[in-house]
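Worksheet: one structure, shown below.
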Amino acid sequence: MLHLALQAKLQAAVCAVLPDADPAAILVRPCLDTRHGDYQSNALIALAKQRKLNPRPFAEQVRAALEVADLCEAVDIAGPGFLNFRVHPMALAEVLQAEALKEVPFVPKTNQPRTVVIDFSSPNVAKPMHVGHIRSTGIGDALQRVFRLLGHRVISDNHIGDWGTQFGKLLLGWKQILDRDALGREPIAELERLYKVINTECDANPTRLEEAKQELVKLQAGDAENIAVWQEMIRVSQRQFDSVYGRLGVKFDHTLGESFYNPQLGAIVGDLLARGVARESEGAVGVFSDGSLPPKSDPFLVNRDGEWVADPALVRKSDGGFNYMTTDLATIDYRLRTWSPDEIIYVVDDRQAPHFRKLFLTFARWQPEAAQRVKLNHIGFGKILGEDGRPFKTRSGDTVKLEDLLAEAEERALKVVTEKNPDLPEAQRKEIARIVGLGAVKYADLLPNRQSDYQFSWEKMLALQGNTAPYLQYAHTRVRGIFRKSGEQASGSRQPAELVLAAPDELALAKHLINFGLVLETVAEECRPNFLNNYLYELAGLFARFYESCPVLKAEGNERATRLLLCDLTGRVLKQGLAALGIEVTEQM
RNA sequence: GCGCUCGUAGCUCAGUUGGAUAGAGCAUCCGCCUUCUAAGCGGACGGUCGUGGGUUCGACUCCCGCCGAGCGCGCCA
């Protein structure tokens, strides 16, 4: 958009003044404070300093070499050497008209498409999906949508927890205390009950623990009965997952669970041993520190009583079983061989950060050449805390089930829709409530910075005012309402003879619209969907002000056409922006 | 104990290469529907950005100390 044109011209001007300057360091960004201008560059200050030049005169020189009269009304030099650009309404109008013709306005496809594997959601078999799963699922889905919108190749993979020691306990429970009727009615609840009962017994009684381990050993050895039961547990769990994902509108290209990699684990450990990456220790096989990092930042070391001692990444237990480290190594290996990605993104709880550090370092030692070609990226996120500020407890039962949360959201939304729009047919009200309720939940989860913990509250999760999905969806319905009432089609093909961006609220809206793509790029770069939330919230706010101050249908001629175009573009950016967050819009609310 | 993360308005949170007078929502108070949906808009109130130093043209942002909170430190995942 405009900032790119300005940036290119600024880079040219800088190079004209300082031929050996690095143009890549000269960036033009939207002004944080629009009172200073529309776009700004702070790069000249740093550059002048680097060259021991006086920044103000240097900025003057650059400005003199700058040819942006066609794009800008003014280029100001402020403070120590900020360059502030105020774009020309004509230039803005040209961009709007050109972009209106495109399917996704303001979002140029990347000229460097990358292949990105995104690993997210990853629920466990035999456990209900609870509110905690919304974080990985929502962030991961938003990321895959944003990357796709920008033109990257995305492979989404749901690495479900369908293998591991918990199946020993589950199998024991299945064989001894399974309630068939309960399994028929609520399979996940029954599986969860089995696990809890047996787990408690195992904690108290070593004999039970040993029994569970034996079931696990039989499963791992391929015992027919245990395999059949295990597959049945996966089947009923997958049915639950499919139902939740269907409701959330989340799709995966692949669902390759942990068990998929079982056949390769033995060979991988063998290879790690052969290459000297891993070694035996106390009957197990592990990867130890190679001493290349200072102890403080070496994940293979841990401090105990003032001493740094080995904290290896075990890839084979002394009983011969494998760990999730082994599975994760096999997974990277498989993904690289199968898809040749430039990057693998893991959307997983921050608490697993040490595991991923070990995993990535181990892989780099195992396959150094391959590791150089791929960026392994753990995208962590904080916990959801209860309203009392304490973390949700997974085991002790007081977690909110994801399905219940969604149902509650839709119920509350239905009440509001019915109150606001009683004349709509019930089916339509329910559909609106589904979209609004679901949107509210997803949006609320994506809004906080992903790194920080956030406090769950029904009130906040389902709020309809302020920085929420319903607010944005409402802005969209206002756009649609205008077109419904006018009977005119959204433009795009029908251009006004001349765009007249004159009113301050028209200009502010237009200037914000053209930054859509820039925001998406930042989201992709930092893997922070909340930047998009905030962009869209600002957009909706600017539209609301425009809506108050600039009547559309009462206007005439070019003014009317201009406003209709702004409405159309706003509606489309809201719709596509929300879609990138996995949120739908409606025609009416 | 060691490591990681975090301390921003009464509450919940934003704050995009370090940028200009730190922003929202909720709550409280005051205005605005004979006008395209008021799920809206405008305004008021509210801050020594935990604290003390440092780096520099400039620090909520980077570095160090201290205080406080959370998490991690299983042959679980």
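Per chain, numbering begins at 1; letters A, B, ... match sequence-line order.
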Each nucleotide of nucleotides 12-20 of chain B classed B (base within 4.0 Å of a protein heavy atom), S (only sugar-phosphate) or -, in 5' to 3' order, makes SSSSBB-BB
In whole Å, what is the span from the CG atom of Asn199(A) to the C1' atom of rG74(B)?
-> 14 Å
By salt bridge (charged side-chain N to carboxylate O under 4.0 Å, His left out), Asp453(A) pairs with (sequence neighbours left out) Lys383(A)
Cys550(A) versus Ala503(A), closest heavy-atom pair with distance = SG-CB, 3.9 Å
Closest heavy-atom contact between Val146(A) and Leu520(A)?
->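 Smallest heavy-atom distance, with atoms named: CG1-O, 3.6 Å.
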Show the atom names and distances, to 0.1 Å, of all donor-acceptor pairs under 3.5 Å that link a side chain in residues 524-539 of chain A to residues at least two apart or in another chain.
unit_1: Arg528(A); atom_1: NH1; unit_2: Asn449(A); atom_2: OD1; d: 3.0
unit_1: Asn533(A); atom_1: ND2; unit_2: Tyr443(A); atom_2: O; d: 3.4
unit_1: Asn534(A); atom_1: OD1; unit_2: Asn467(A); atom_2: ND2; d: 3.3
unit_1: Asn534(A); atom_1: ND2; unit_2: Asn530(A); atom_2: O; d: 3.3
unit_1: Tyr535(A); atom_1: OH; unit_2: His512(A); atom_2: O; d: 2.8
unit_1: Tyr535(A); atom_1: OH; unit_2: Leu513(A); atom_2: O; d: 3.2
unit_1: Tyr535(A); atom_1: OH; unit_2: Phe516(A); atom_2: N; d: 3.4
unit_1: Glu538(A); atom_1: OE1; unit_2: His512(A); atom_2: NE2; d: 3.3

Would one find a side-chain N or O of [X] under 4.0 angstrom from OP1 or OP2 of [N]?
X: Tyr443(A); N: rG25(B); answer: no
X: Lys554(A); N: rU35(B); answer: no
X: Lys317(A); N: rC76(B); answer: yes

Out of rC75(B), rA39(B), rC36(B), which has the shortest distance to the side chain of Ser318(A)?
-> rC75(B)
Look at atom NZ of Lys317(A) and say whether more than 12 heavy atoms of other residues, nucleotides or ligands are closer to it than 6.0 Å.
->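 Above 12, so yes.
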How would you list all residue pairs meeting salt bridge (Lys or Arg N to Asp or Glu O under 4.0 Å) that involve residues 294-315 of chain A, not counting sequence neighbours?
-> Asp311(A)-Lys358(A)
Quick one: label [X] by what it contacts on the DNA or RNA (base, sugar-phosphate, nothing), any heavy atom closer than 4.0 Å.
X: Gln473(A); answer: nothing
X: Ala284(A); answer: base
X: Gln352(A); answer: base
X: Glu419(A); answer: nothing
X: Tyr547(A); answer: base

Asp76(A) side chain to His36(A) side chain, donor-acceptor N/O pair below 3.5 angstrom |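 Side-chain D/A pair, Asp76(A) to His36(A): absent.
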Of Leu464(A) and Asp319(A), whose nearest nucleotide on RNA chain B comes first from the 5' end?
-> Leu464(A)
Which residues satisfy the side chain to side chain donor-acceptor pair (under 3.5 Å) test with Asn303(A), sequence neighbours excluded?
->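 For Asn303(A), no residue satisfies side chain to side chain donor-acceptor pair (under 3.5 Å) once neighbours in sequence are set aside.
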Annotated structure of RNA chain B as dot-bracket, pair cut-off 3.5 Å, Watson-Crick or G-U only, | for inter-strand, is (((((((..((((.....[...)))).(((((.......))))).....(((((..]....))))))))))))....
